[in-house]
Amino acid sequence: AQTVTQSQPEMSVQEAETVTLSCTYDTSENNYYLFWYKQPPSRQMILVIRQEAYKQQNATENRFSVNFQKAAKSFSLKISDSQLGDTAMYFCAFINYGGSQGNLIFGKGTKLSVKP
Amino acid sequence: EPEVTQTPSHQVTQMGQEVILRCVPISNHLYFYWYRQILGQKVEFLVSFYNNEISEKSEIFDDQFSVERPDGSNFTLKIRSTKLEDSAMYFCASSTNLDRAQETQYFGPGTRLLVL
């Protein structure tokens, strides 16, 4: 079964500090893409960062970076210099490459609160 | 920046009634998706649609569900006879015409459906 597990239902962090959200996944495929989506209280899901499984280098997008450990099937998100606007639900997801697998498989999400 | 839009934002219906949820994907996108998120649960894939036909569907997407692209801009999800367990947030997403797996899916803000 293909699954995504986010073991932290809720987290909080002080403004300007760093926080890491964990994600593990399970797939028998070798080629896939991993994503972190952010869902602010207004409910629009926005892509934060993506990682191709064939790339060893961890993806970064400004204050957001990932720690991708393929062998461990781990894909954590680090948010540096947290801002109040980072308060949101964060979903980890993956999609298999090729074949007919075109749908995203999501975790349950981590609710992040950034406190002033 | 172009966005996926969805209407209505909230819908309340009686069990057994038909509902149609509407989505306007990003204009140059050719792949369309519906996902749902039952409160407190994972975001789950329902169906993908390309070239005026269903590409994939999950086991959730039974005969009570149908999708349609009635014109050049709208993409609709119809639930023929709603059940209590259909209460959820329904998200529409779209992506460009390149390889679906690597193309980012852009999500709408969702329609909150409540079946009484």
- Ring-ring centroid check A/Phe91 A/Tyr37, cutoff 6.0 Å: no
- In terms of ring plane angle, is the pair A/Phe68 and A/Phe75 parallel, tilted or perpendicular, where the classes change at 30° and 60°? perpendicular
- Message: Only heavy atoms, only distances under 4.5 angstrom. Which residues in residues 107-116 of chain A are near chain B?
- Response: A/Gly107, A/Lys108
- Report the relative orientation of the aromatic rings in A/Tyr33 and A/Phe35; use parallel for angles under 30°, tilted for 30 to 60°, perpendicular for over 60°. tilted
- Query: Are B/Phe61 and A/Ile105 grouped together when hydrophobic residues (ILVMFWY) are joined by side-chain heavy atoms under 4.5 angstrom apart?
  - Reply: no
- Worked verdict on B/Gln17 versus B/Thr82 for side-chain hydrogen bond (donor to acceptor under 3.5 Å, both in side chains): CA-CA 6 Å; B/Gln17 295 296 304; B/Thr82 50; over 6 Å; no
- Item | Qualifying residue, where the test is side-chain contact (heavy atoms from CB on, under 4.5 Å) with B/Val4 and the options are B/Phe107, B/Tyr106, B/Phe91 | B/Tyr106
